[in-house]
Amino acid sequence: MGWERVYNLVRTIPRGRVVTYGQVASALRLKGGARTAGRALAACPSGRGIPWHRVAGAGGRLLIREPQASLQRKLLESEGVFFLSPLRFDLTAHSFRIATAKKRSSKHRPRRH
DNA sequence: CATCTGACGACCG
DNA sequence: GCGGTCGCCAGAT
């Protein structure tokens, strides 16, 4: 399955901001929910400038296993994200609200759904 | 085709 | 806060 949609979305996350797997799944309406978003990131190709480290678990937790977790933490801290513990960071202070991709013209304002 | 395995998250004790 | 259960589903074995 093409995870391109996921990667494209992840690429829009600003520096120092973080979104959860659930947010990604919700924004893209991924079939399997948050877990599917996780699989997409797990298969994330490296060396393509995808800020995979800006996606974490709900509540601001790193769910990835070591040694990757340490790398993610390092990357996030380098962007100013404050960690309360090795695997927990202050999500409320760094969460990024994904723009609801509603492509509607200003006229007609068709209702959602 | 049958199972197992997760970079999830909501719930519950 | 911590650990267990459950629903979820694409790949790997």
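Lettering follows sequence order; numbering is per chain, from 1. When reading the values below, keep in mind they use all heavy atoms of this one structure, side chains included, and skip hydrogens, waters and symmetry mates.
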Rounded to whole Å, CG of A/Leu91 lies from P of B/dA7 at a distance of 20 Å
Taking any heavy-atom pair under 4.0 Å as a contact, classify A/Ala42: base, sugar-phosphate, or nothing.
base
Look at all strands and tell whether A/Gly33 reaches a base, only sugar-phosphate, or nothing, counting heavy atoms closer than 4.0 Å.
nothing
Tell me the interatomic distance from A/Arg39, atom CZ, to B/dG9, atom P, rounded to whole angstroms.
13 Å
Quick one: A/Arg88 CZ to B/dA7 P, roughly how many Å, whole number?
21 Å
Looking at B/dA7, B/dA10, C/dG7, which one has an atom nearest to any side-chain atom of A/Arg35?
C/dG7
Listed nucleotide nearest any side-chain atom of A/Thr36, set B/dA7, B/dG9, C/dC9:
C/dC9
Hey, are A/Glu79 and A/Arg17 close enough for a salt bridge, meaning a charged N less than 4.0 Å from a carboxylate O?
no
Could you check whether A/Gln68 gets within reach of a base, just the sugar-phosphate, or nothing at all, counting any heavy atom under 4.0 Å?
base
Measure from NZ on A/Lys31 to P on C/dG11 and round the result to the nearest Å.
12 Å
Can you find a side-chain donor-acceptor pair between A/Arg39 and A/Thr36 that sits under 3.5 Å?
yes
Separation of C/dC8 P from A/Tyr21 OH (nearest whole Å)
21 Å
Specify the separation, in whole Å, of atom CG of A/Leu30 and atom C1' of C/dC8.
12 Å
Say whether A/Asn8 and A/Arg11, considering side chains only, have a donor N or O and an acceptor N or O under 3.5 Å apart.
yes
May I have the distance from A/Leu63 (atom CG) to C/dC8 (atom P), rounded to whole angstrom?
20 Å
Give one of base, sugar-phosphate or nothing for A/Leu41, where a contact means two heavy atoms less than 4.0 Å apart.
base
Above 12 or not: heavy atoms from other molecules or residues under 6.0 Å from CZ of A/Arg97?
no
Would you mind reading off the distance between A/Trp3 atom CH2 and B/dC8 atom C1', rounded to a whole angstrom?
13 Å
Test: A/Arg73 cationic atom under 6.0 Å from A/Phe89 six-membered ring centre, within 45° of axis
no
